[in-house]
Each structure stands twice: as structure tokens, then as C-alpha cells.
Amino acid sequence: MQQMIRDIAVILNATLMYTPPLLFAALGSCFSEKCGVVNIGIEGMMTIGAFVGAAAGYYTGNPWLSFLLAGVAGGLLALFHAFACITCRANQTISGTAINFLSSGVSVFVCRLLFSGNTETIPVSNKLPLFLSGLFSWCAEHLPAPLAGLFRPNGFLDNVFNTYASTYLAFLAVPIVWYVFYRTQFGLRLRAVGEYPRAADTLGIHVAGVRYICVILSGILAGLGGASLTLATVSAFRPSIVLGQGFIAMASVIFGRFRPQGAMLGCILFAFCSGLRVIVGSNTSISVNLISMIPYVATILCLVLFVGKSQIPAASGLPYEKSK
Amino acid sequence: MSSKKSSAPSTLGRSFWQRVLFHNMSDTLLAIVLGFLMGALALVIAGYSPLTAYGKLFSVIFGSPRNMSYSFIEFASPYILTGLSVAFSFKTGIFNIGAEGQYVVGSVAALLVGYFIHAPAFIHIPLCIFAAILAGVLWGALVGILKLRFGTNEILCMIMFNWIAYYLSNYIVNLRPVLSAPGKTWSHTIQDTAKITISGWSSLLSNKVHAGIFLALAAALAVYYILYKTTLGFRLKAVGHNINGAKFAGIPTEKATMITLMISGGLASLAGGLQVLGVTYKISQFAGQEGYGFQGITVALIASSHPLGVILAGLFYGAMKFGGTRFDAPSEIVDIIMGCIVFFIAISGLIRANIQRLAERRDKHAANDP
């Protein structure tokens, strides 16, 4: 029983730890998909974010500054995608593919220059803080006896919820993105641009401008997602660190029918599968390679079972030409 | 899928540049030049001399018959085939980002048949090649079923299948009968009867010259023939060009999608199979995705998805990859150059439009001047 509770705590904690990279990237993907630009460069933007986060974390020692810089790096890369897709009306899939190639090339290239020929960065000394440590120790000391026990170090709550700040930021970002999408003028505009750009244009909305902002936001969020890999989940960058998580994030957006709250559920589900991998891998003799397939198989199963024809924004993937 | 316009508008004519710039070929060459310029920029920023570095690259690739055989036979063969796989899918309106996984299942199938079956070479080699192709055809068909029956997004599906193939390969390599010895990270080597390496051609060439290049070239010709000389090819291209139009014309579009996925899958997995039969003879546990399939995307884009162009693009890519292995600067510069080339190909429409506008303005000025 004790063991089982501990296992559950480990799985839940791992779920919370694996969620933020996916969730940030998924929210980013929501932004660009909603405004009608397919962004399969999310994976590459995560990679560059992961690298910049790790490198800046090593050199500055300040995790928050590094986290922000990673967002900026992702945003810059997204600017290229936006330029190609919006201004040049390039094929969005091809541009996204180029972004993915470029970002892994650039990250490893710069990594070799900065870290004396290595393709891995030196681990950062300061990760993002464990968010609730202070609160939990305060509760354990100041609350009356039965309650204080709940918050004791290494107790169930501590083991599950005392995780990196990036987790809580990612979950906090979900209602914010929801509010932006459905309760602000900008959100209305970006949805209009994604559904029917010509109508939006007729009403005086600057289609290209809205799309630029959304694609850059998607890059910033993906960069933050990458950084939450290297500044929280693990502490160093290596070339294979993102491992298709950008694509899993895109799958969870489709799973969530292009709504931030739905995408969040998708991300939690995939993170849970990854968490399951940790516990099953350490407790059984099943090959770790088979267990590693779980998130990817789960993604396909979700797409098959729950999604069907999901409601893709009507203008998704189509460049908009003003005069035609 | 390809963003290129294949036919030149009839209104063009006056300026030389306008005429030149309407061809895909010049787009691609321009993109390649710009890609190398960006690579030079990266080299300068990193403190290397681009002239020396590119000179080295060139001399490595063309330096000796041995190096040329590395560049254009050993390294180029898989890229030609994965490039063909992606190009074929582009032509028919699908984006085969799953070539990576198909490559992997092809190599696994070739390894298993090559190691476990004992037969004389004239049976063994075709059997291995058949197994490799079959694996990719089935792997592609699986995606087709998911897309057509359940409406799942094929791009995401293929990306997930890439990872599943990756872990499947690692799993099989680590199975007791396949693993070379406990604690090792690579499989047994295939039987000698399954190897397609051509030894004793010439001591000047690399010892990994293999018959795969002939199959790759034959495959390119076959794809060209299918796409441009058969009804099937016409139908597939029609579906790729305008799916509603094709449907209206009575072409069974679902069947076309399925055939495309199967042929693309078979081409990419043939690449993986030949690599095992001709070069590696075994499979090592992956530490990261090998990238042959992904780089096939680049090859297809450089070739504007034309099957014969793929041959040239594959030779180019193979040479660059080989050159990158003997580079003074970090070899990732090759990835940066290739990424830039793809990016410039993607935005070539705008570059062309701008140059055209400049040319028109100049022509107008010239016309106004007495």
C-alpha cells in the first residue's frame, strides 16, 4: 500500500514535470494554427529554446533570465517562419521543415563553439526554483497538527506538487491564452483571420499583422517550452533533447480541437504516458524501448479514437493574398 | 505540395533575367548559392575562413577517386532513394515526412532476412531487397489506413511512426538472437551471401562501393516512367494537383493516396535495406534519429520533386555530407547550409517576384529614356 501510494506520487509528479514543455509548445501551436498558419517548425523552435536556455543558464547563472532569452530565441526563429509564410506566401510545411533543420544545425553548431567542441552543454547550476518549497515548509511549521502532516517534506503532497516553477507557469498560461482568444478584441480578430481572412480584411483587420504577431507568439511559447526542458526537467542541452515533443504538442492541439483548454488535457495525457514510462521502466523487466513507444502510440490512438475530423480553422495553411 | 509554378506565363519576354528566372532550375541554383553564402556568414561569425573551409570541402569531395566514390556512391545512394520517396509523395499531394521511419523498418527487415536466412547469393540478395521494400510498403499502408479510415492527420501520424520505428529497431537490435553479444550495442552482421558490396572493382575506390547506386538510379528512372508515361502516374499527379478536380473526373482518390503512401514507403525502405546490405552490414542501437529520411525532404525540394532532378540533388547532398565528415569547422555547417537552401527554396517566389519587379522598373526607365 505504502509502495503503491509512493508509485502514484512518482507518476503524478513525473506527469507534472513532463507537462510544461508540451503545454507551452501546444499553446504556441494554438496561436499559429488559430490564425491560419501551420507551424511544424514548433519542434525546431523548442530546440533552439532548449539550447539558448541551457547555454544562457550556464553563463548567466540566472534561470529566469535564461528562460526569457529562450523565449526571445524561439520568437526570432518564428519571425523567419512568419516572413516566409505571410510575406513570401511560401508553402508553410516546407518553411517549417527548413526551420526544423536550421534550428538543430544552428544549436549544435553554436554549442560546439561555446562548449569546446561538445554537442552537449555543461549542466546549469541553477534550475528554475521548486515553486512550492517555501509555502510547504511554512505550512508544515505553522499549521495545526493534522494539517501540517500533509505538508511535511517527502509527504504525498510534497512529492506530487512540489515541482519546478515552469509547471505552474505553463498551467497559468492556459487561462490567459483562453482569455486572449475568447474575451479580447485581438482574440476575435485572430480567430476571424484564421477562419475567413477575406472577411476580416474587409472589416479593416490587418491580416498579415495579426498573423505575424500570432506566429511570433507561437515561437516565443515554443522557446519557453524548450527552455523548461533544459532549465527544469533536465539541466543540460543535447541534440536529441526535444525528441519529437514539438510534434506531440501539435497532436495534442488537434486532440484538443484547437482550444487551449483541450490542448492542455492532451498534454497532460501524453505527459502521463511519459510518467508511466518512468515507473514501469524501473519496476519491470519490459524492454525500455517498448515502453518508450507508449507516448507515440498513445498519440496515434488518441488521434484515431477521439478526434475524427476535428475542426481545423478554415483558412489553415492557406496564404492570404490581398488583391486577387 | 511543391510551391513551384511549372509553366511560364505567356506575357514574359523582354528581359533576359525574366526569362531565366521563370525556371525552377534557376530558383534552385539561386537558393543553393544563397545557402552557401549563409553558411559562409556562419563560418565568419564562428571565426573560420569560409574560402579555406569551402576549398577544403571541395577538395575532400573531388580529391581522389576514392573520395569521389564515397561522395557519389556510398553517401549518395540512400539520399537518392529517400529523396525519390519524398519527391514521389510531393508530386501526388502527400508530404511523406515518414520516410525516416520507413527507412528504419527497411533496414531492420533487410538485417533480419540477411542474418537469419541462409541461401545462395542469387536468391538471398533479392529476398533481402524484397523484404526491405515490403516492410516500407506495409509501414506506408498503415498510415494510409489510418488516414482513410479514421481521418487522422497523416503528417502527425507519420512523425509518430518515425519514433515507433526508431524504438522498434532498438528493441529488435537488443533481442537476444539478434544482438551480437551481451553488453554490445549492435546486431550480428548479415551473411556474406546477402552483401551487395562490389569488391575488387578497383583498389582506387572505397571498399564500400555497392550495387545500391544502380538500384537507386533504376528506381529514379522507374519513378520518372510511372509519373510521366503511365495512366497511373497521370492519375496520381491529378490527385496531387487538385483533389476535387480528380474526384470529379472519376479518379478514385482514396486508392491514389494509398498507392502513393505504399510506393513512397517502399522507396524509402529500399534505401534503408541497401544501406544494411551494402555499407553497414549490421544495425547499431540508435542514439538519435539518423536523418536519412528527413534529409530526403531536402533532396526532394532541391530537385523540385522531379525524379531525374533527385539524382542530381542526391549526389549533391551525398557529397556535402561526406565533405562534412572531413571538415575543419563543426560539420553542422552542412546542416545549416542545407536548412538555408530549403528556406530559400520556400521563399523563392518572393525573391523572383522582387527581381522581376526591379527588372521591369529598369525596362520602364530604359523605355522612357529617349
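Reminder, nothing fancy here: chain letters follow the sequence lines and each chain counts from 1.
- Both the backbone and the side chain of B:F294 have a heavy atom closer than 4.5 Å to some heavy atom of chain A.
- When every heavy atom of A:G105 is checked against every heavy atom of B:E332, the shortest pair comes out as O-CB, 3.7 Å.
- Put simply, CD1 on B:I345 and CG on A:N91 are 12.0 Å apart, with the number rounded to the nearest 0.5 Å.
- In this structure, the portion of B:N174 lying under 4.5 Å from any heavy atom of chain A is its side chain and not its backbone.
- Taking the six-membered ring where tryptophan is involved, the planes of A:F80 and B:F343 are perpendicular, since the angle between them exceeds 60° and thus also 30°.
- One distance of note links CG of A:L102 with CD1 of B:I337; it measures 11.0 Å at 0.5 Å rounding.
- No side-chain heavy atom of A:F101 sits less than 4.5 Å from a side-chain heavy atom of B:D335.
- Across every non-hydrogen atom of B:Y167 and A:S292, the tightest pair is CE2-CB, 3.4 Å.
- For chain A, the option among B:C157, B:S169, B:C340, B:G339 with the highest count of heavy-atom pairs below 4.5 Å is B:G339.
- Considering only heavy-atom pairs separated by less than 4.5 Å from chain B, the leading option among A:I99, A:T119, A:V108, A:V288 is A:V108.
- Counting heavy atoms from C-beta outward, B:I347 and A:S95 have side chains that stay 4.5 Å or more apart.
- Interatomic distance, B:L175 CG to A:S287 OG, rounded to the nearest 0.5 Å: 8.0 Å.
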Notebook entry, point to check: B:R149 and A:V304: side chain to side chain contact (heavy atoms under 4.5 Å, CB included), yes or no, with the steps?
Noted result: CA-CA 9 Å; B:R149 286 292 303 276; A:V304 167; over 6 Å; no
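- Of the atoms belonging to B:I159, it is side-chain heavy atoms, and not backbone ones, that fall under 4.5 Å from chain A.
- Inter-residue side-chain proximity for A:I94 and B:F95 is flagged as unmet; no heavy-atom pair is nearer than 4.5 Å.
- The part of B:L146 that comes within reach of chain A is its side chain, from C-beta onward, which places non-hydrogen atoms under 4.5 angstrom from that chain.
- Of the options B:L142, B:I164, B:L156, a side-chain contact (heavy atoms from CB on, under 4.5 Å) to A:I300 is made by B:I164 and by none of the others.
- By a heavy-atom distance cut of under 4.5 Å, B:A42, B:A46, B:Y48 are the residues of residues 38-49 of chain B near chain A, going up by number.
- Nearest approach of B:A346 to A:A90, heavy atoms of both residues: O-CB, 2.9 Å.
- With a 4.5 angstrom heavy-atom cutoff, A:L243 touches chain B via backbone and side-chain atoms both.
- How far CE of A:M293 is from CG of B:N170: 9.0 Å, rounded to the nearest 0.5 Å.
- Of the listed residues A:F247, A:F83, A:Y296, the one with more heavy-atom pairs under 4.5 angstrom with chain B than any other is A:Y296.
- With a 4.5 Å cut-off on non-hydrogen atoms, A:T299 touches chain B through its side chain but not through its backbone.
- In terms of heavy-atom proximity, A:N289 sits nearest to B:Y171 at ND2-N, 3.6 Å.
- Contact between B:V342 and A:A98 at its shortest, heavy atoms only, is CG1-CB, 3.6 Å.
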